[in-house]
Amino acid sequence: MELGLVGLGKMGGNMRERIRRAGHTVIGYDRNPDVSDVHSLEELVGKLKGPRVVWVMVPAGAATQSTIDELAELLSPGDVVVDGGNSRWTDDEKHAVELGLKEIGFVDCGVSGGVWGLENGYALMYGGSAENVAKVQPIFDALKPEGDFGSVHAGKVGAGHFAKMVHNGIEYAMMQAYAEGWELLEKVDSVTDVREVFRSWQEGTVIRSWLLDLAVNALDDDEHLDRLKGYAADSGEGRWTVEAAIDNAVPLPAITASLFARFASRQDDSPQMKMIAALRNQFGGHAVESKSEN
């Protein structure tokens with residue numbers, strides 16, 4: 001099938017390549033002309049045959065809103081817009097209504113996979129009507145990992161981004177647990193090879209995971225994480241998860257504590273946050289701060 005893809009950064013560019021490898025046609029637009037296939041959204045829409053599917057992969061908030069506003073004026077009834085960025089689920093509901101007034105469908109899709117997604121596939125959580133999801137399904141099938149899992153129609157509009165938000169909240173807590181354990185191991189005199197302890201956990205233990213594998217990768221590159229500053233940003237989804245928990249009276253002590261730990265990292269050079277920063281860089285290519293940047 002044909003797909004218009006808006007936003008060709010670290011995630012979008014690799015997604016375009018994976019979809020093309022699956023045999024689909026992708027016309028990509030980005031403000032950077034060096035990576036863009038067309039010069040404008042208008043040209044992108046004009047090159048697609050109806051009913052069109054346009055996937056938006058730009059930063060959440062104003063950038064997503066302006067892109068959807070422009071597409072609403074360019075697309076036709078029966079077309080579908082997919083928001084694959086990290087938008088808040090409440091924005092999805094608003095976008096669905098706005099596009100629905102013009103009889104344009106809307107699907108929200110939480111995407112996980114980071115810089116590894118091109119080869120490994122992307123975990124996808126999407127929300128919307130069955131009719132609109134069906135129009136996008138070949139693209140979901142191209143992006144997802146091989147096998148029976150890694151893709152889910154999570155529910156109605158907003159469900160995809162809500163599920164991805166909770167996924168990221170869990171990710172916060174898991175990374176925090178590895179980071180705390182790593183700092184404690186580094187602190188005591190009796191443990192003389194913390195990196196190899198982490199490596200030994202990769203097989204046969206209940207805490208083995210891809211995050212653990214990435215932690216070992218980071219330690220192989222910088223055994224004591226001496227080159228990193230103990231600072232870790234938060235993308236916003238951890239905050240939204242905690243806010244949703246408050247709204248629904250659901251206790252989330254581990255996820256909430258992990259979010260607050262990131263705030264603490266902005267006040268001190270936290271050893272735990274060196275591991276968090278290293279893990280975020282490993283799976284998502286997120287920027288890290290080195291001690292030389294102080």
Side-chain angles (χ1 to χ4, degrees), residues 9-14 32 58-61 63 85-86 111-118 164-165 167-202 207-243 252-294:
K10 285 184 296 187
M11 288 278 282
N14 282 345
N32 178 2
V58 301
N86 282 329
V111 182
S112 181
V115 296
W116 301 83
L118 174 59
K164 175 58 163 49
M165 177 194 74
H167 165 280
N168 282 22
I170 294 169
E171 176 188 295
Y172 272 47
M174 291 176 66
M175 288 196 290
Q176 185 66 27
Y178 284 126
E180 291 176 8
W182 173 77
E183 182 180 1
L184 181 57
L185 288 166
E186 285 275 315
K187 191 75 171 180
V188 300
D189 293 333
S190 58
V191 180
T192 57
D193 198 336
V194 175
R195 178 178 60 186
E196 293 310 309
V197 170
F198 262 56
R199 198 188 311 278
S200 75
W201 293 344
Q202 290 181 278
I207 65 167
R208 63 189 185 275
S209 72
W210 186 41
L211 279 175
L212 178 62
D213 295 341
L214 295 176
V216 173
N217 289 349
L219 295 174
D220 281 339
D221 183 57
D222 181 5
E223 183 174 356
H224 302 288
L225 304 183
D226 292 326
R227 299 198 300 269
L228 294 182
K229 182 180 177 183
Y231 175 97
D234 67 287
S235 62
E237 290 185 293
R239 300 185 189 208
W240 299 343
T241 305
V242 172
E243 290 170 3
L252 298 185
I255 292 173
T256 303
S258 67
L259 174 65
F260 283 12
R262 294 200 185 186
F263 296 162
S265 80
R266 297 161 203 183
Q267 299 170 343
D268 303 297
D269 189 19
S270 165
Q272 293 172 24
M273 288 304 125
K274 292 183 180 182
M275 177 58 77
I276 299 292
L279 283 167
R280 294 179 81 245
N281 178 257
Q282 284 284 324
F283 69 72
H286 298 288
V288 296
E289 293 191 16
S290 66
K291 290 205 169 182
S292 63
E293 294 171 347
N294 289 343

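Just so you know, these numbers use all the heavy atoms, side chains as well, and skip hydrogens, waters and symmetry mates.
Glu243 contributes atom CD, which lies 12.0 Å from atom CG of Leu252 (distance to the nearest 0.5 angstrom). One distance of note links NZ of Lys164 with NE2 of His167; it measures 6.5 Å at 0.5 Å rounding. Separation of atoms CG (Leu214) and CG (Leu219) is listed at 11.0 Å; rounding is to 0.5 Å. Distance CZ/Arg239 to OH/Tyr172: 8.0 Å, rounded to 0.5 Å. For the atom pair CD of Glu237 and CG of Asn168, the computed distance is 4.0 Å after rounding to the nearest 0.5 Å. The distance from atom CZ of Arg199 to atom CD of Gln202, rounded to the nearest 0.5 Å, is 6.5 Å.
The two residues Leu228 and Ala278 come nearest to each other via the heavy atoms CD1-CB, 3.7 Å. Listed here is the closest heavy atom pair of Ala232 and Ile276: CB-CG2, 3.6 Å. Of all heavy-atom pairs spanning Leu279 and Leu211, the tightest one is CD2-O, 3.2 Å. Minimum heavy-atom separation, Ala218 to Leu225: O-CD2, 4.1 Å. Nearest heavy atom pair, residue Ala233 against residue Arg262, reads O-NH1, 2.9 Å. Of all the heavy atoms in Glu223 and Glu186, the pair that sits closest is O-OE2, 4.5 Å.
Proximity of Arg266 to Asp234: side-chain heavy atoms (C-beta onward) are separated by under 4.5 Å at one or more points. With contacts defined as side-chain heavy-atom distances shorter than 4.5 Å, the pair Met275/Glu183 does not qualify. When side chains are defined from C-beta on, Met273 counts as touching Gln176, because their heavy atoms get closer than 4.5 Å. Side-chain contact check for Val191 versus Glu196: every heavy-atom pair is 4.5 Å or farther apart.
With sequence neighbours excluded, the residues satisfying ring-ring contact (aromatic ring centres under 6.0 Å, His included) with Trp201 are Phe198.
Between the side chain of Trp116 and the backbone N or O of Gln282 there is at least one donor-acceptor pair closer than 3.5 Å. Using a distance-only test at 3.5 Å, with no hydrogens or angles considered, a donor-acceptor pair links the side chain of Ser258 to the main chain of Ile255.
Atom CZ of Phe260 sits in a sparse spot, with 12 or fewer heavy atoms from other residues, nucleotides or ligands closer than 6.0 Å.
In this structure, a donor-acceptor pair under 3.5 Å is present between the side chains of Tyr178 and Ser209.
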